[in-house]
Structures are given as structure tokens and as C-alpha cells.
Amino acid sequence: MAATRTTATRMTRYHGLSAQDLVGLYRTMFTSRRLDDAEIRLKKLNLVFFQISGAGHEAVLAAAGKLLRPGHDWFYPYYRDRALCLQLGMTPAEMLLSAVAAAEDPNSGGRQMPSHWGHRELNIVSQSSPTGTQFLQAVGAAEALVKYRDLEGEHPALRGKAQGDEVVYVSCGDGATSEGEFWEAMNSACNLKLPVLFLVEDNGYAISVPVDVQTAGGNVANLVRGFPNLHWVGEINGNDPVESYGVLKEAIEHCRARRGPAFVRALVTRAYSHSMSDDETKYKPKATREAEAQRDCLPAFARFLVEEGLVDEAGIEQLEREALAGIKAAAEAAQQSAQPAVETVTRYVFSPDVDPTSDRFRVEPAPTNPQQAETVLQSINYCLRDEMKRDPRILLFGQDVADASHEEVLGELKGKGGVFGVTWGLQKLFGRERVYNSPLAEANIVGRAIGLATLGFRPVVEIQFFDYIWPAMMQIRNELGYMRYRSSNAFSCPVVLRVACGGYLQGGAPYHSQCGESIFAHCPGIRVVLPSVASDAAGLLRTALRCEDPVLFLEHKHLYRQPYAKEPYPGPDYTVPFGRARLVREGADVTVATFGALVQRSVLAAAQAAEEGIETEILDLRTVQPLDLESIARSVRKTGRLIVAHEDTIYCGFGAEVAAQVAEACFTDLDAPIRRVAALDAPVAYAPKLEDAILPQKDDVLRAIREVAAY
């Protein structure tokens, strides 16, 4: 009887899908499963070096790919989403190039594990391994799409960047919903009514941990149901592509209409172990595995197609033969493909096109008011103002950075502009679409910035105090710094992270006094900048805003309003190259390499040492990534002695890196051991006398100068 149904009846029952569409979905599902098998075979031959499958998830993913638009919508998939990527247009050949780590792999150029999807032309954003980091980036991407439309009337350069109906797809397994970033992403997507489709592929296990152990009540859908503006579907049979298509169609329409995000939980199976490094027979009972096999979407959908009269057995067999032949040919070609050349190993850690250390950024100051000295704080504010006028892609957000979240109150209020007032007045100039407050959630701030930058904006985000940057560490270390490299230059995220740091303000205590620049200098792909005077604050920040790399821009709280750091604002085009130290004081006897709050303390120490006949040369490093080793070495060759002074703790502090490099480059030029002056290996205490004892002072630098000079 099924075979005699009219076409109209079938189209209604199948949510508008034709017989050809349905058979096409099976082709995608079958190809996906057999690609997993091909990779497993190659892994056993040691031709593939890791394998993680999408087996059991194919039905709902093929349906999602059928509804979404490659190159128009944006995609943040996870490692089980092979069928989605195939349906969007990624080929078996491209997937197998990734599996064998080929140079021509469009996902990553051989830099990422297999099944870590990325494709520039299809708008599949490069995926990483940490579970859950994709959520906030997807929210940032959706935010970008909305902002392009909101701002295009005011800024012609932004016109055409978004059409207004794009959807951002983000997926995960049931385990990743335990990550805090999932909840942060749900909160922001719902609060801002962003067009994000959250697809949870619930196969019941996070590696070996059952969902009832992961999630209160065993069902994350019940926990998110109360979010406002959310199209919510608590459960669908993700093994049925027709049901999945119908449910996802409504969810995607909700997002396209800009009514808010959608959440869909699809029940699927995990047909194979978590990966080839896992053996599910160690923790998943035989009865459970047998029950899952009965629900396997692949044989079930093949039976459905035949029973519905949409294709016969011979048609299924022919389709499968054709798919297998294509996979075999792709596998043979992939095995012959070249591996990435060894000389490319560090390519794309930073931008290959814009070098912030180059003379391009060496610009002479042109102060508009040479007689007016400005503080470091005001120079940063002026630089942001001028660059936001110049580039409409620059967005400024973070906790408390706006003048007021509700603009209507600004007629009667002065406005805030950050806890230090650095961004005061910028919202009044540029509006709440470009200057706005974020939730009190550091990972949220950085993750959204990554998504915004990936889609072409230039976010400048503030972490209120360095001491609270750590919730964002995953996003900074594994996402922000790695995006360009892991995608082989297909994607980048030039974000500027503004962070107030440092001590020397009485009462800062352990959690308002931290520095930690050496930790971030250790993160590949991140530039680290710390100005000590007002002109450098403006010039280095402008370089950060105009380069193409992620920059951690550290603003020392103690220096914000110091009279000795004041200088005339150097003009709207002034830039300072990274990796070039500033000669603060010439001397012939001892070199002090320093930065931040230790510059002025070193100047005072050097002045006193000069009264004793010791002439000290002082270099302000200005950036710690990159490091100007050349200038340090030149000075050491003159003086024969080196002191490295910095505010952070001495053990594994940045002074150790400088000392090691100078010892290698200038060993025969040194007439004394290299000396470090830094904080004690302890948190900064609240009591002023204890803070003074912990942090390096002028007398500590002076003592080091005397001892090194006398060696």
C-alpha cells in the first residue's frame, strides 16, 4: 500500500522532501558511515593516526545539512558531525586528506586531528578539541550577523556583509552540555535573541560516563526550557531523518525570522566506541549495545525507503556500490598525497600579511596639542576614539565598559566607562551597538569576541582585572591563539584584549594586583604588550588594532594617572612597532631591561646609582611577545652586565626567559652573572607593608645595580 501513495501525500508526510531528496539523505548517511570504516581500516594500517567516528549520528545530521545553506549560514560543528559536513558539500576526498594529514587538507592543512571540521568556502569554522568552546564563538558569530545589519545604514563599508536571514549552527554531544560555556552561550543567545541553532546529539554517553551521571535528571533539555525567546524541542528521534527534518525545519525558520535561538535535543546512538582509543565493551553492557544496534539509523532508513516504495533493493545496492567506489578512489588518492613540508611548521602562528614589528608601524608622533600632556588612561581613550572613527568594524565591550547599559539614562548621568573610566564617553560617541556591556563572564567575553572577529569585526574587549582573566584561559590559549594556525590561515580572529593589571595600589591584595605576562607570552599566537608611558599606550594600542594578530594589551593600573607617565597625545596615526625596546636612559656600566611599573623605579634607582659613579642603561621592552633581543644584546655588549626587572613573581617570570636568551646570545660579552629583580613568590598581600615587601621597589633595583657593577 505504501508504494501506491500519491506524490502529494508523500510530500506532506515527508515535510516536503521528494523521493530523490530522501534517497539523497541515505546516500549521505551511508557515505558517512563507510568513511568511518575506511578511516578505521587506514588507522589499522598506520596510515591514519587517529580516528573518531560519527557512526549512529548520521540521520539527524544529514537532515540538518539538507535544511541549512553552505556558504550562507555559519557552522560550528563537533567531531561527530561528518554527515552534516558531507551534506553541506565537503567531499570524501577532503575528509580523507584530513585523516592522512595531507598538506592539501582543507580542514587544517594537516595540523588538526581528523573529524575536526573546517572549510572556508562552506562557512564551517575551524573546530578544536576542547568540548564546549564552540558555543560562545557561535554566539559571537550570530552577534556579528545581527550587528552587520544594525550598523550598515550608518556605515556603508559594512553593507552586504550579512543578508539578514543567516543561521549559526552549533552542535555538541550530551557530555559537552556540562561545560559552563554551554550555559553562558544559552544565556547570551536568548538574552540577545540571536539566530543560533543549538543541536544536542544525545547518544547517552560522554566517552564512558552515562548521561544520568553528567546531567541532573539525565536530560539537559528540561534544564534549559525556561530560557526566554527560545524555540525548544526537548526530544526527537535523531535516528529518523524524516522526523528530524520536520522538527529542524521549524527550528531553523524560527532562527531565520530573528525570533531568537532554537534548542533541539536529538536522541541518537553511538554505533562504535568513542574513538579508536576507546573500547566501549569495558563499560557499556552487552544488552545496551544490542539495543542500540536495533535502533541504528542506517539499516532502519534503508528499510524505510524500500518499504515506502521510494527505491528498491537494487537501487539501494547500486547507490552503495557507487559510494564505496568513490570512497575507495578517494582513499587511494589520499594515501598518495604529500604531507606538509617541514619548513612550513611555524607558518600561520601569526599573520603572514601584516607584520606589527615592521617599519610600516614606525610613525613619527604628530601631537595635535604639544603643550598638553595626557595621562596613560586618557591616551588609551583617545586612541580608541580615533580608531573607532576610522574603522567601523571596531566594537568595544566587556564588564562595565559602557557609559550606561540603558542609553536613555545618559541625559541625566555622567556615565561610567569602565571601573577606571578608560572608556568613558565612547558609548556616547558611537552608540550602544558598538560600545556595550557584557555579562560578568570572562569566557563569554572572549569567546564571543572570537566569533565576532572570525566574521570580520575587530573586537576590543576588556577583562576588568587581570586577576579574573582565568575563566577565559581556555578561549585564549586554545582558541584565540590557535585559530589561524589550526585552520592553515583559512580563519583568523584579530581580537584585542585590554586588561588592567599590576599592583602598587594600596589595598589591591591577592586578587587586584596580579601580572602574569609570562604565562601569556608562553601561548603561541598571542602578542603581549605592556606600555609604561602615555605615547606608547596610544601607539602600541593603535598597532594592536591595525595588525591581524590577537593581542593581550596590558594596562598597568598604577600607571593610568601617574604624572611621570604623562605625554602629549601623539595624534590619530601614531603607531609603534612591536618588538622594539625604548631606550629610556643611556649608560655604560649596567643594562637594566624592564617594562611596566618597573621602568620608573629603575629610572629612580639609576639616578641614585649615577651619584655613586655607576651609569645605568635602561631599556623599556614595551612588548614581551615579541621580545627585542637585538636591542638588549646591543646594550649588553656595551655594558657587559644585565639586570632584568619585572613586577611579577620571580620563579618562571619573564626575566628568566630574557636571561636565558641573553646567556645564549651574549655569553662571551657578559662580565657578571645576569641578575633578576622581581616579586617574591607569593601573592600580593593586603597590608601595605607586606605589599611593599613582596613587590620589587626602587631600592631592590638599586641594590642589584650596585652588586652587578661591583662583580
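Residue numbers count from 1 along this sequence.
- Of the N and O atoms on the side chains of H119 and E94, at least one donor lies less than 3.5 Å from an acceptor on the other residue.
- Between W470 and F520, the ring center distance clears the sub-6.0 Å criterion.
- Between the T623 side chain and the V528 main chain, no donor and acceptor come within less than 3.5 Å of each other.
- Seen from the ring of F578, R527 does not count as a face-on cation partner, given the 6.0 Å and 45° thresholds.
- No hydrogens or angles considered: nothing links the side chains of R486 and S108 as a donor-acceptor pair under 3.5 Å.
- In this structure T131 satisfies the side chain to side chain donor-acceptor pair (under 3.5 Å) test together with E179, sequence neighbours excluded.
- For the pair Q625/F350, a side-chain contact is recorded, criterion being any heavy-atom separation below 4.5 Å from C-beta on.
- Applying the side-chain hydrogen bond (donor to acceptor under 3.5 Å, both in side chains) test to every pair with at least one member in residues 339-350, sequence neighbours left out, gives no pairs at all.
- Of the listed residues (R82, R80, K43), just one forms a salt bridge (Lys or Arg N to Asp or Glu O under 4.0 Å) with D36, and that residue is R82.
- Looking at E181 and P130, their side chains never come closer than 4.5 Å, going by heavy atoms from C-beta outward.
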key: ring-ring contact (aromatic ring centres under 6.0 Å, His included) evaluation trace for Y169 with F198   = CA-CA 6 Å; Y169 164 99; F198 292 85; over 10 Å; no
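- The cationic group of R270 does not satisfy the cation-pi geometry with Y272, failing either the under 6.0 Å distance to the six-membered ring centre or the 45° limit from the ring axis.
- Proximity of a side-chain donor or acceptor of R484 to a complementary backbone N or O of D549 within less than 3.5 Å is not detected.
- Looking at D628 and R580, no side-chain N of the basic residue comes within less than 4.0 Å of a carboxylate O on the acidic one, giving no salt bridge.
- Between D165 and R69 a salt bridge is recorded (basic side-chain N to carboxylate O distance below 4.0 Å).
- The side-chain heavy atoms of V495 and V446, taken from C-beta on, include no pair separated by under 4.5 Å.
- Between F457 and Y148, the ring center distance clears the sub-6.0 Å criterion.
- Ion pairing of E39 with K44 is absent here, as no side-chain N (NZ or NE/NH1/NH2) approaches a carboxylate O to less than 4.0 Å.
- Residue V496 forms a side chain to side chain contact (heavy atoms under 4.5 Å, CB included) with just one option from L545, I394, V461, and that option is L545.
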request  = Please lay out, stage by stage, how E253 and R256 fare under the test salt bridge (Lys or Arg N to Asp or Glu O under 4.0 Å).
outcome  = CA-CA 5 Å; E253 287 172 354; R256 290 207 193 281; over 6 Å; no
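- Formation of a donor-acceptor pair under 3.5 Å by the S358 side chain with backbone atoms of D355 is found in this model.
- There is a side-chain donor-acceptor pair under 3.5 Å between E479 and S128.
- The closest side-chain heavy-atom distance from C190 to P261 is below 4.5 Å.
- Within the 4.5 Å cutoff, no side-chain heavy atoms of Q87 are placed close to those of L61.
- Ion pairing of K161 with E152 is absent here, as no side-chain N (NZ or NE/NH1/NH2) approaches a carboxylate O to less than 4.0 Å.
- A salt bridge links K284 with E292: at least one charged nitrogen is closer than 4.0 Å to a carboxylate oxygen.
- Counted by atom type alone, Q661 and E657 present one or more donor-acceptor pairs between their side chains at under 3.5 Å.
- Proximity of V100 to S337: side-chain heavy atoms (C-beta onward) are separated by under 4.5 Å at one or more points.
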key: Criterion salt bridge (Lys or Arg N to Asp or Glu O under 4.0 Å) on E166 and R149, from CA distance to verdict   = CA-CA 11 Å; E166 297 92 339; R149 294 306 298 270; 5.9 Å; no
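- In this structure, the side chains of V551 and L497 stay at 4.5 Å or more apart for every pair of heavy atoms.
- Ion pairing between R27 and E320 fails under the 4.0 Å rule for side-chain N and carboxylate O.
- Put simply, the side chain of R34 reaches to within 4.5 Å of the side chain of L324, judged on heavy atoms.
- Between D278 and S273 the shortest heavy-atom distance is O-CB, 3.4 Å.
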